[in-house]
Amino acid sequence: MQADNVQTLLSAVLTNQQTCLDGLQSTSSAGSVGNDLSVPLSNDTKLYSVSLAFFTRGWVSKKKRGITWKPKSKHFAFSHGRLSMKMSARTRAIYESVSIRKLLQAENNDIEISDIVTVQQDGQGNFTTINDAVAAAPNNTDGSNGYFMIYVTAGIYEEYVSIAKNKKYLMMVGDGINQTVITGNRSVADGWTTFNSATFTVVAPNFVAVNMTFRNTAGAVKHQAVAVRSGADLSTFYSCSFEGYQDTLYTHSLRQFYRECDIYGTVDFYIWQCCSCPPKL
């Protein structure tokens, strides 16, 4: 398990270095500074690539090299196509008052929920925006008390949401695909980089999204315009829809799991950055 984690981190370092290099090369405003940084970054990228190859060859068994990641520990399991969870009596009372309970019914209780807050645009919930609910989530939790759940009721949320790395063990549940929608329209044509054009960004470990739609409506003529960028280790998207035109879903780095999701686009609708498969030595 430790070897798997080190391999994942080396892969992420390599991806992040390459992303930085790509950003400098595509930004004309970087000027001489960008040119000065490009060469050392390029050399570093090659170094990390070789390091990853050596590590994989020396510490990762041949049997594991072709095996995909499987959820363990605090990460949840599926039972008959549903999520299973457990929570305190207080949280259960809140949970029973909202419609998401039907989605999460199961005989086995594998997910612990520490607390639930509701986002509702008419002001009847705890928050009216998703960003306010994310800001209220605890920082740097170890997950021992379970997930902090944000229930986002049906509606069109025109927000740019970022789940920072300190918002660990966060679960976001909507009322369903095309019911709870997060939408934006940033694009490369309007001056954003592909990396920063995402409507929804998540880098916090152990993030979970269920029953939601993520959109970028920039349009086909605006080139790269990301709906979701994820660099969140051990993250899961279940029964979600990703909608855009070019580069809809940007799976940037680390271990991610998608189940029963829809991905729409016209050009490069699904970006897969696979740096855990180093070049052969």
Side-chain angles (χ1 to χ4, degrees), residues 76 78 80-85 94-106 111 113 116-134 147 149-163 170-187 197-202 207-222 224-230 232 235-251 256-272:
F76 60 82
F78 293 91
H80 305 295
R82 298 181 182 275
L83 299 174
S84 55
M85 59 196 301
I94 301 173
Y95 168 73
E96 290 294 341
S97 69
V98 299
S99 61
I100 58 172
R101 62 183 181 277
K102 291 182 179 179
L103 169 71
L104 301 166
Q105 287 173 346
I111 299 184
I113 303 298
I116 296 177
V117 296
T118 301
V119 178
Q120 198 163 339
Q121 291 176 321
D122 62 6
Q124 309 253 341
N126 303 104
F127 303 97
T128 57
T129 69
I130 298 171
N131 278 305
D132 285 344
V134 171
Y147 284 83
M149 180 187 286
I150 299 174
Y151 168 48
V152 186
T153 60
I156 307 295
Y157 295 83
E158 297 181 3
E159 299 185 52
Y160 294 97
V161 180
S162 179
I163 312 298
L170 181 65
M171 178 184 289
M172 194 173 292
V173 181
D175 269 329
I177 290 175
N178 295 328
Q179 298 299 313
T180 298
V181 180
I182 305 176
T183 184
N185 61 3
R186 290 175 178 170
S187 68
S197 68
T199 301
F200 189 93
T201 302
V202 55
F207 173 78
V208 180
V210 182
N211 263 18
M212 304 184 72
T213 291
F214 304 92
R215 285 180 185 160
N216 190 314
T217 61
V221 298
K222 292 298 184 76
Q224 296 94 328
V226 177
V228 169
R229 171 170 58 84
S230 178
S235 58
T236 297
F237 292 84
Y238 174 60
S239 189
C240 290
S241 180
F242 308 91
E243 301 174 8
Y245 294 87
Q246 183 170 344
D247 296 353
T248 304
L249 177 60
Y250 193 164
T251 55
Q256 306 174 28
F257 181 73
Y258 297 81
R259 176 161 174 166
E260 298 182 24
C261 292
D262 301 322
I263 309 170
Y264 298 92
T266 56
V267 181
D268 300 334
F269 68 94
Y270 182 59
I271 300 178
W272 175 244

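No side-chain donor-acceptor contact under 3.5 Å links T248 to the backbone of E243. Q120 places no side-chain N or O within donor-acceptor distance of the main-chain N or O of N126, the cut-off being under 3.5 Å.
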Original post:
Between Y157 and V152, is a side-chain contact (heavy atoms from CB on, under 4.5 Å) present by the stated rule, with each step listed?
Top reply: CA-CA 9 Å; Y157 295 83; V152 186; 3.5 Å; yes

Original post:
Going through the checks in order, is the ring-ring contact (aromatic ring centres under 6.0 Å, His included) test met by F242 and F237?
Top reply: CA-CA 10 Å; F242 308 91; F237 292 84; 5.5 Å; yes

**OP:** Kindly determine whether S197 and V226 satisfy side-chain contact (heavy atoms from CB on, under 4.5 Å), including the steps that lead there.
**Re:** CA-CA 6 Å; S197 68; V226 177; 3.5 Å; yes

**OP:** For side-chain contact (heavy atoms from CB on, under 4.5 Å), just list the numbers for V134 and I150, CA-CA rounded to whole Å, side-chain angles, deciding distance to a tenth of an Å, and then say yes or no.
**Re:** CA-CA 8 Å; V134 171; I150 299 174; 4.0 Å; yes

**OP:** Go through the steps for F214 and C240 under the test side-chain contact (heavy atoms from CB on, under 4.5 Å), then give the verdict.
**Re:** CA-CA 8 Å; F214 304 92; C240 290; 4.0 Å; yes

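In this structure the side chain of T199 never reaches within 4.5 angstrom of the side chain of R215, judged on heavy atoms. Contact annotation: the side chain of T129 approaches that of E159 to within less than 4.5 Å [non-hydrogen atoms, C-beta and beyond]. M171 has its side chain within reach of I113: a pair of non-hydrogen atoms, C-beta onward, lies under 4.5 Å apart. At least one side-chain heavy atom of V173 sits under 4.5 Å from a side-chain heavy atom of M149. In this structure the side chain of T128 never reaches within 4.5 angstrom of the side chain of Q121, judged on heavy atoms. Within the 4.5 Å cutoff, the side chain of I156 has heavy atoms near those of the T183 side chain. Residues E260 and Y238 have side chains in contact (heavy-atom distance under 4.5 Å, counting atoms from C-beta outward). Residues S235 and Y258 are not in side-chain contact: their nearest non-hydrogen atoms beyond the backbone lie 4.5 Å or more apart.
In this structure, the separation between OH on Y250 and CG on N216 is 14.5 Å, given to the nearest 0.5 Å. The structure places OG1 of T153 at 10.0 Å from CD of Q124, a figure rounded to the nearest 0.5 Å. Here CD1 of I130 is found 8.0 Å from OG1 of T180. Values are rounded to the nearest 0.5 Å. Note that CE of M212 and CG of N178 are 12.0 Å apart. Values are rounded to the nearest 0.5 Å. Taking CG of L249 as the reference point, atom SG of C261 lies at 8.5 Å (rounded to 0.5 Å).
Inspection of the Y160 and N185 side chains reveals an N or O donor paired with an N or O acceptor under 3.5 Å. No donor-acceptor contact under 3.5 angstrom links the side chains of Q224 and D247, judged on distance only.
Looking at every heavy atom in both residues, A225 comes nearest to R186 through CB-O, 3.4 Å.
Between Y151 and the choices T118, N211, D175, the side chain to side chain donor-acceptor pair (under 3.5 Å) rule is met once, by D175.
Taking the ring centre of F200 as origin, the terminal cationic atom of R229 falls outside the region bounded by 6.0 Å and 45° from the ring axis.
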